[in-house]
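Below: the structure, in structure tokens.
Protein chains get the first letters and strands the later ones, always in sequence-line order, with residue 1 at the start of each.
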2 protein chains.
Amino acid sequence: MATEPRGSEGRFAYEGLDRVIHERARLSVLTSLVSNPKGLIFNDLKQLCSLTDGNLSRHLSVLEAENMVEITKGVEHNRPQTFCRITREGRERFLEYLSTLEQVVKDAARVSKDEHGAGLTRGLLPSKA
Amino acid sequence: MATEPRGSEGRFAYEGLDRVIHERARLSVLTSLVSNPKGLIFNDLKQLCSLTDGNLSRHLSVLEAENMVEITKGVEHNRPQTFCRITREGRERFLEYLSTLEQVVKDAARVSKDEHGAGLTRGLLPSKA
DNA sequence: GGGATCTACTTTGCAATGTAAAGTGAAAAA
DNA sequence: TTTTTCACTTTACATTGCAAAGTAGATCCC
């Protein structure tokens, strides 16, 4: 019976959850950018992440200040156009973050195998009827 | 040219990332509690999550207010003891959150495979299908 | 030409909130 | 009885996510 196994201090602390990344909007942005390594223009990113202009602008600034994205301002069809691309550092930090996320998912999933299964695991696997 | 495929609005919005859960400390707490469905006492939780007293206290209040955890105050060995257990609602919300997390991981993983081959920074992928 | 409008962002202001530090109350030790 | 320890709670503040307002230039309309 595992009331509190020793040596498990910080077992669920997840320090890899980088605060810069662990934020819905920025997680969206980064996933978009990692999925589009050639980069995206402001408006497409806005749509993909369902963000408002102001919101995206601010988060991009944060990510730029952290050297996680590279922002290029240009002009297309006589209109300003902001181009965003993830940097190498950004991708690296993001991937590290991701591996922690995977750990969270794994940790949580493990419960379905818990010893005293019945009442507890019910609903764990969303196989709703 | 189809820079961005239509019909992908909000593709990376991840609205399932419940704000109450999507917070490092609370994610830790909930994962701990979901992994220990019989419940945990304040101090063990504190250790597992590497949180300070005040921090844990506040986050537990938030989770309790949301009916995600059930808090029982008792006395053990002549000392107060706070016992925490995840509720059914808490587990359900957590699992929904988790499935979104898995989606994030999947979305991102799809690319980290592509990126395997060559240099990282330059755009080397043709637009994803 | 000039005012209105549209596009593409930026900036501002504020309410929410995560966190450290200080506080509380009761038991145990000295 | 005074001090210390334990087990939390409360407070205060600095941060920050977000929406609304603002800015700058191009285009339309007359």
Nearest-Å distance for atom pair [atom1]/[atom2], residues [X] and [N]:
{"X": "Glu15(B)", "N": "dC18(D)", "atom1": "CD", "atom2": "P", "result": "12 Å"}
{"X": "Glu23(A)", "N": "dA16(C)", "atom1": "CD", "atom2": "P", "result": "16 Å"}
{"X": "Leu56(A)", "N": "dA8(C)", "atom1": "CG", "atom2": "C1'", "result": "11 Å"}
{"X": "Lys73(A)", "N": "dT7(C)", "atom1": "NZ", "atom2": "C1'", "result": "14 Å"}
{"X": "Asn43(B)", "N": "dC6(D)", "atom1": "CG", "atom2": "P", "result": "10 Å"}
{"X": "Glu64(B)", "N": "dC8(D)", "atom1": "CD", "atom2": "C1'", "result": "14 Å"}
{"X": "Lys46(A)", "N": "dT10(C)", "atom1": "NZ", "atom2": "P", "result": "12 Å"}
{"X": "Ile71(A)", "N": "dA8(C)", "atom1": "CD1", "atom2": "C1'", "result": "14 Å"}

Item to complete: Determine yes or no for a side-chain-to-main-chain donor-acceptor pair under 3.5 angstrom, with Thr87(A) supplying the side chain and Asn67(A) the backbone.
Response: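 Present.
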Item to complete: Verify whether one side chain among Asn43(B) and Gln47(B) offers a donor that lies under 3.5 Å from an acceptor in the other.
Response: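 No - no donor-acceptor pair under 3.5 Å links their side chains.
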Practice prompt. Nearest-nucleotide wise, let me know which of Leu51(B) and Thr82(A) is further upstream toward the 5' end of DNA chain C.
Written response: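 Mapping each residue to its closest nucleotide by heavy atoms, the 5'-most match is Thr82(A).
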Discussion item. Taking the basic N atoms (NZ, or NE/NH1/NH2) and the acidic carboxylate oxygens, is any pair closer than 4.0 Å for Arg19(A) and Glu23(A)?
Written reply: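 Not counted as a salt bridge, because no side-chain N and carboxylate O are separated by less than 4.0 Å.
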Worksheet item: Is a salt bridge present between Lys106(A) and Glu102(A), judged by a nitrogen-to-oxygen distance below 4.0 Å?
Response: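 Judged by the 4.0 Å cut-off on N to carboxylate O distance, Lys106(A) and Glu102(A) do not form a salt bridge.
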Discussion item. Need one value for Arg24(A): base, sugar-phosphate or nothing, where a base atom within 4.0 Å counts as base even if backbone is also close, heavy atoms only.
Written reply: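 Nothing: the residue Arg24(A), judged by heavy atoms under 4.0 Å, touches no strand.
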Considering just the side-chain nitrogens and oxygens of [X], establish if one lies under 4.0 Å of OP1 or OP2 belonging to [N].
{"X": "Arg26(A)", "N": "dG17(D)", "value": "yes"}
{"X": "Ser57(A)", "N": "dC9(C)", "value": "no"}
{"X": "Asn78(B)", "N": "dA26(C)", "value": "no"}
{"X": "Asn55(A)", "N": "dA19(D)", "value": "yes"}

Worksheet item: Out of curiosity, Asp18(A) CG to Met68(A) CE, how far, rounded to the nearest 0.5 Å?
Response: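 Atom-to-atom, Asp18(A):CG and Met68(A):CE are 6.0 Å apart.
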Counting side-chain heavy atoms from C-beta on, which of [options] comes nearest to [X]?
{"X": "Asp53(A)", "options": "dC18(D), dT10(C), dA7(D)", "answer": "dT10(C)"}
{"X": "His59(B)", "options": "dT19(C), dT10(C), dC18(D)", "answer": "dT19(C)"}
{"X": "Arg19(A)", "options": "dT10(C), dT19(C), dC8(D)", "answer": "dT19(C)"}

Practice prompt. Map Thr52(A) and His77(A) onto DNA chain D by nearest heavy atom, then report which one ends up closer to the 5' terminus.
Written response: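 Taking each residue's closest nucleotide, the earlier one in sequence belongs to Thr52(A).
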Worksheet item: Between Arg58(B) and Phe42(B), who's closer to the 5' end of DNA chain D by nearest nucleotide?
Response: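 Comparing both residues, the 5'-ward one is Phe42(B).
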